[in-house]
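Accompanying notes for the structure given below.
Quick caveat, the model's predicted, so the values are computed rather than measured. Naming: A, B, ... by sequence-line order, numbering from 1 per chain.
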2 protein chains.
Amino acid sequence: MKALARKPIEVANQAPWLDTIIKGDCIAALEKLPSASVDLVFADPPYNLQLEGGLTRPDHSVVDAVDDHWDKFDSFEAYDAFTRAWLLAVRRVLKPDGALWVIGSYHNIFRVGAMLQDLGFWILNDVVWRKANPMPNFRGKRFTNAHETMIWASRGQGSKYTFNYEAMKAFNDDVQMRSDWLLPICTGGERLKDGDGHKVHPTQKPEALLARVMLASSKPGDVILDPFFGSGTTGAVAKRLGRHFVGVEREQAYIDAAQARIDAVETAPAAALELLKGKRSEPRIPFGTLLERGLIVPGAVLTDSRGRHQARVRADASLESGAMMGSIHRVGALVQGFDACNGWTFWHVHHNGRLTSIDDLRKIVRDELAAAGG
Amino acid sequence: MKALARKPIEVANQAPWLDTIIKGDCIAALEKLPSASVDLVFADPPYNLQLEGGLTRPDHSVVDAVDDHWDKFDSFEAYDAFTRAWLLAVRRVLKPDGALWVIGSYHNIFRVGAMLQDLGFWILNDVVWRKANPMPNFRGKRFTNAHETMIWASRGQGSKYTFNYEAMKAFNDDVQMRSDWLLPICTGGERLKDGDGHKVHPTQKPEALLARVMLASSKPGDVILDPFFGSGTTGAVAKRLGRHFVGVEREQAYIDAAQARIDAVETAPAAALELLKGKRSEPRIPFGTLLERGLIVPGAVLTDSRGRHQARVRADASLESGAMMGSIHRVGALVQGFDACNGWTFWHVHHNGRLTSIDDLRKIVRDELAAAGG
DNA sequence: GTCATTTTTGAATCCATTG
DNA sequence: CCAATGGATTCAAAAATGA
């Protein structure tokens with residue numbers, strides 16, 4: 001009876017590897033599966049982050065980096081060889097009309113994408129996971145690394161891949177689902193913790209992300225393979241959505257955590273809608289956007305509503321008023337001698353002959369951009 | 001006088017290729033430029049690799065559709081060779097501390113990114129241009145392709161690339177700029193049209209995109225190279241923002257349209273082009289200067305903002321707190337049990353009856369020095 | 001128990017200058 | 001070249017703590 005608990009969907013003479021986690025190296029383990037037996041692959045391979053020194057936050061706390069042995073490669077050549085090997089192994093077990101998703105960051109995704117193409121996969125979309133709450137860039141040296149990239153590819157150019165277009169559109173307020181998805185990272189109760197409260201896996205993916213992937217590109221009953229199973233998000237979501245899964249994982253600790261997690265999942269297609277829901281928020285319009293849209297030009301003079309204070313707009317969207325420089329909020333505060341100021345309502349500009357708050361100009365832009373916000 | 005119109009920034013003995021469009025093949029034309037002469041590269045290479053009507057090579061010759069199995073392989077190889085060649089040519093003319101942006105879609109960006117890494121460029125971010133108004137997927141077979149990817153890379157791992165962090169943060173309402181940018185595609189009056197109302201160039205990029213790139217990663221007066229100049233967006237924005245440009249373009253029609261476009265651009269006033277600077281660019285002032293100026297006297301007691309820790313100032317501008325001695329930073333770290341501390345913001349002293357951070361006292365000194373002209 | 005405030009944390013290729 | 005050190009730097013969301 002215990003064995004049955006691992007098999008959410010009962011099938012007569014079901015293959016023994018269905019809905020199980022195979023322990024072992026990805027390439028060796030996949031040799032145990034028959035050719036053309038898998039409908040969809042979701043792969044979250046090591047990113048080869050190449051981290052060197054440590055990193056602390058401005059409050060001096062230490063950032064818990066991904067320094068696991070499985071993410072270390074000697075060179076790009078070694079990483080490419082690894083990528084080629086697992087992609088070939090996956091390709092063998094994939095059905096001719098099957099498809100593949102790979103997730104990665106700029107450290108590895110370009111190499112993976114090029115190798116995919118070299119091996120004959122046919123890229124259908126690259127999909128950007130925009131993180132609602134990414135880790136900031138603590139040292140202020142780059143842009144906040146606020147997204148990861150997923151590549152969706154069919155096995156070959158002619159493959160009749162699955163795409164549930166109408167379902168995606170329906171869940172997206174009747175507009176086509178775009179290639180940029182806004183979703184929070186995995187935290188809170190969803191994040192697996194060990195007895196000491198430490199995260200079980202350093203890079204656990206959110207279930208909402210996997211749910212969108214499966215609802216978009218698989219059918220109930222499909223077999224979904226995850227060759228880097230980790231904490232088992234793929235398995236948990238597959239079971240919940242009535243898909244079969246196969247996982248491959250080397251570390252016993254991850255296997256144990258994933259199995260317990262999956263055992264606790266109830267198959268409930270009704271949960272699909274809940275899982276699919278992304279974060280839909282009003283797009284935030286920064287002041288710089290008003291310059292980009294030409295509503296304000298560099299060199300323009302802003303004043304408060306009564307003309308007591310004024311400041312000049314620079315090309316980088318900062319303000320300058322005498323020796324005072326900074327954002328609309330900062331300079332608004334400085335000219336008034338306050339600690340803080342809402343620059344949007346404080347500053348005005350002549351627009352179509354009338355003194356208009358820049359907040360009103362923002363409304364114009366917001367209406368134009370509203371459609372892309374989700 | 002006509003020639004002068006092409007040079008927005010007058011420089012004595014300015015290199016003849018500055019602020020011009022060089023006609024010719026990208027690789028051959030770049031041989032005319034000296035090594036290490038360019039600060040920033042923006043490249044929008046061709047990526048018409050897998051168009052529906054058949055395959056075309058990078059040289060626009062049509063691939064025979066009959067033996068497309070081999071040509072697919074050949075064309076990826078040809079594209080890689082082309083990418084390698086132009087990246088090497090660009091690399092030669094790039095200054096050691098220069099940087100590069102490349103924009104592309106899933107058809108080509110993975111190959112470009114992998115080649116960048118192979119040639120020693122160091123990826124700083126991948127930035128996603130989210131299109132506010134993308135072309136829908138008419139056949140409903142995929143997700144709406146609503147973004148393009150840009151790779152920002154320095155010439156090498158140790159390069160001291162330019163990043164105007166504070167300017168970007170002010171631009172974005174005082175939160176650091178993320179790697180996903182929402183911008184409309186190029187339409188309306190900005191889109192170049194020929195006499196018949198047809199668009200001059202099929203993939204004209206919006207000026208707002210280029211403006212953000214330049215404001216983030218270049219300084220006024222920098223030299224910006226665009227090896228695939230096309231309709232000249234890079235040149236137009238560079239001129240408007242007070243940067244120099246060099247363009248390379250093969251098609252005379254594009255050159256003519258771009259030159260006319262650039263000639264019509266006005267450079268923004270110099271005052272509007274100054275970049276917001278942060279503390280990093282302020283002149284260094286040693287703590288001892290505060291004693292020399294009499295703002296702090298030897299023997300004075302410093303405390304943190306909440307009065308939990310204290311230390312005494314010695315005549316040599318070192319601090320002592322019990323057995324702990326050293327610089328303001330060192331003692332600040334020691335009393336808190338940290339391995340680092342910014343003593344300027346940590347330590348406070350009573351000044352004119354108010355508890356004031358020594359960082360604020362430093363500002364007084366800086367203002368005095370600025371007033372004295374350095 | 002409720003609400004307000006503080007603390008914690010996340011796939012990160014995250015410093016610059018002087019001696 | 002390396003070592004030492006001055007000193008600049010964070011956002012959103014959830015959990016934990018406090019009133």
Side-chain angles (χ1 to χ4, degrees), chain A residues 44-68 70-73 76 103-109 129 131-149 182 184-191 193 197-199 201-206 228 230 279 281 284, chain B residues 117 121-126 152-154 156-158 160-161 163 165-166 169 172-179 278-282 284-288 317 326-333 338-347 358-359 362:
Chain A
D44 184 9
Y47 286 9
N48 189 24
L49 284 185
Q50 303 175 255
L51 303 180
E52 289 180 358
L55 181 63
T56 55
R57 300 187 181 82
D59 64 2
H60 306 299
S61 61
V62 174
V63 175
D64 185 15
V66 178
D67 54 359
D68 305 73
W70 47 255
D71 196 48
K72 301 241 190 313
F73 293 84
F76 283 132
I103 185 167
S105 68
Y106 64 83
H107 309 85
N108 71 322
I109 198 65
W129 168 29
K131 300 181 184 183
N133 47 346
M135 181 153 62
N137 186 286
F138 296 116
R139 307 298 292 267
K141 303 305 291 184
R142 304 180 179 190
F143 299 104
T144 308
N145 201 352
H147 74 275
E148 293 189 28
T149 300
L182 179 65
I185 61 176
C186 183
T187 58
E190 190 185 322
R191 187 96 199 206
K193 305 273 173 59
H198 299 120
K199 56 193 177 193
H201 193 280
T203 69
Q204 184 180 340
K205 296 293 177 289
F228 307 98
K279 193 178 155 114
S281 59
R284 210 173 59 82
Chain B
Q117 293 179 309
F121 288 91
W122 193 247
I123 299 180
L124 300 168
N125 278 116
D126 57 335
W152 177 38
S154 65
Q157 182 169 1
K160 295 193 184 83
Y161 58 92
F163 181 51
Y165 174 77
E166 291 81 10
K169 189 171 173 176
N172 199 37
D173 286 7
D174 289 336
V175 283
Q176 57 181 214
M177 187 75 82
R178 296 168 44 116
S179 58
K279 276 184 168 180
R280 285 181 176 105
S281 58
E282 298 277 323
R284 254 191 73 188
I285 293 186
F287 180 61
S327 69
I328 52 172
H329 312 295
R330 192 83 208 101
V331 175
F338 293 162
D339 55 4
C341 165
N342 183 343
W344 288 109
T345 49
F346 178 72
W347 293 113
I358 59 175
D359 196 42
R362 180 169 63 164

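Nucleotides C/dA12 and D/dG6 have their C1' atoms positioned 24 Å apart, rounded to a whole Å. Rounded to whole Å, the separation between the C1' atoms of C/dG10 and D/dT10 comes to 12 Å. Taking the C1' atom of each, C/dA11 and D/dG7 are spaced 28 Å apart, rounded to whole Å. Distance noted for atom P between D/dA8 and C/dT18: 14 Å (whole Å).
Relative orientation of the B/Phe338 and A/His60 rings is tilted, given thresholds of 30° and 60° on the angle between their planes.
OP1 or OP2 of C/dC15 has not a single side-chain nitrogen or oxygen of B/Tyr165 nearer than 4.0 Å. Residue A/Lys131 places no side-chain N or O under 4.0 Å from the OP1 or OP2 atom of D/dA12.
Comparing C/dA11, D/dA13, D/dT10 by their nearest atom to the side chain of B/Lys169 picks out D/dT10. Ranking D/dT10, D/dT9, C/dC15 by closeness to the B/Glu166 side chain, first place goes to D/dT9. Of the candidate nucleotides D/dC11, D/dA8, C/dA12, D/dA8 has the atom nearest to the side chain of B/Arg280. Closest to the A/Asp71 side chain, of the nucleotides C/dA11, C/dC14, D/dT10, is C/dA11. Checking D/dA12, C/dA12, C/dT9 against the side-chain heavy atoms of A/His107 singles out C/dA12 as nearest.
Taking the six-membered ring where the residue is Trp, the centroids of B/Phe287 and B/Trp347 are separated by 6.0 Å or more. Separation of the A/His107 and A/Tyr47 ring centroids does not fall under the 6.0 Å cut-off. Ring centers of B/Trp122 and B/Tyr161: at least 6.0 Å apart, outside the cut-off.
Contacts of B/Gln157 classified as side chain to side chain donor-acceptor pair (under 3.5 Å), with partners at least two apart in sequence or in another chain: A/Glu52. Under the rule for a side chain to side chain donor-acceptor pair (under 3.5 Å), the partners of B/Arg362 that lie at least two apart in sequence or sit in another chain are B/Asp359.
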Below 3.5 Å is the cut-off: list the nitrogen or oxygen pairs between protein and nucleotides 4-6 of chain C, distance only.
none

So which protein nitrogen or oxygen atoms get under 3.5 Å of nucleotides 14-18 of chain D's nitrogens or oxygens?
residue	atom	partner	partner atom	Å
D/dA15	OP1	A/Gly189	N	3.4

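B/Gln176 comes within 4.0 angstrom of the backbone, heavy atoms only, and of no base. Within the 4.0 angstrom heavy-atom criterion, base atoms lie near A/Asn137. At the heavy-atom level, A/Pro45 lies under 4.0 Å from base atoms of the strands shown. Residue-level contact check: A/Lys199 touches the backbone only, with heavy atoms under 4.0 Å from sugar-phosphate atoms and none from bases. In this structure, B/Asp126 reaches neither bases nor backbone, as no heavy-atom distance under 4.0 Å exists between it and the strands shown.
Salt bridge annotation for B/Lys169-B/Asp174: absent, with no cationic side-chain nitrogen under 4.0 angstrom from a carboxylate oxygen. A salt bridge links B/Glu166 to B/Arg280: one of the charged nitrogens lies within less than 4.0 Å of a carboxylate oxygen. A salt bridge is absent between A/Asp67 and A/Lys72; no separation between the charged side-chain nitrogens and carboxylate oxygens falls under 4.0 Å.
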Kindly determine whether A/Arg284 and B/Asn172 satisfy side-chain hydrogen bond (donor to acceptor under 3.5 Å, both in side chains), including the steps that lead there.
CA-CA 9 Å; A/Arg284 210 173 59 82; B/Asn172 199 37; 3.1 Å; yes
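Between A/Arg191 and B/Gln157, it is A/Arg191 whose nearest contact on DNA chain C lies nearer the 5' terminus.
Across all non-hydrogen atoms, the minimal contact from A/Lys131 to A/Leu182 is C-CD1, 4.3 Å.
In this structure, the CZ atom of B/Phe338 is 17 Å from the P atom of D/dA8, given to the nearest Å.
Not one N or O on the side chain of A/Thr144 forms a donor-acceptor pair closer than 3.5 Å with the backbone of A/Ala146.
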Per-nucleotide protein contact along nucleotides 2-7 of chain D, 5' to 3', at a 4.0 Å heavy-atom cut-off (B base, S sugar-phosphate only, - neither), is ----SB
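With the 3.5 Å cutoff on both pairing distances, Watson-Crick and G-U pairs in DNA chain D assemble into runs of at least 3 at C:2-10 with D:11-19, C:15-19 with D:2-6.
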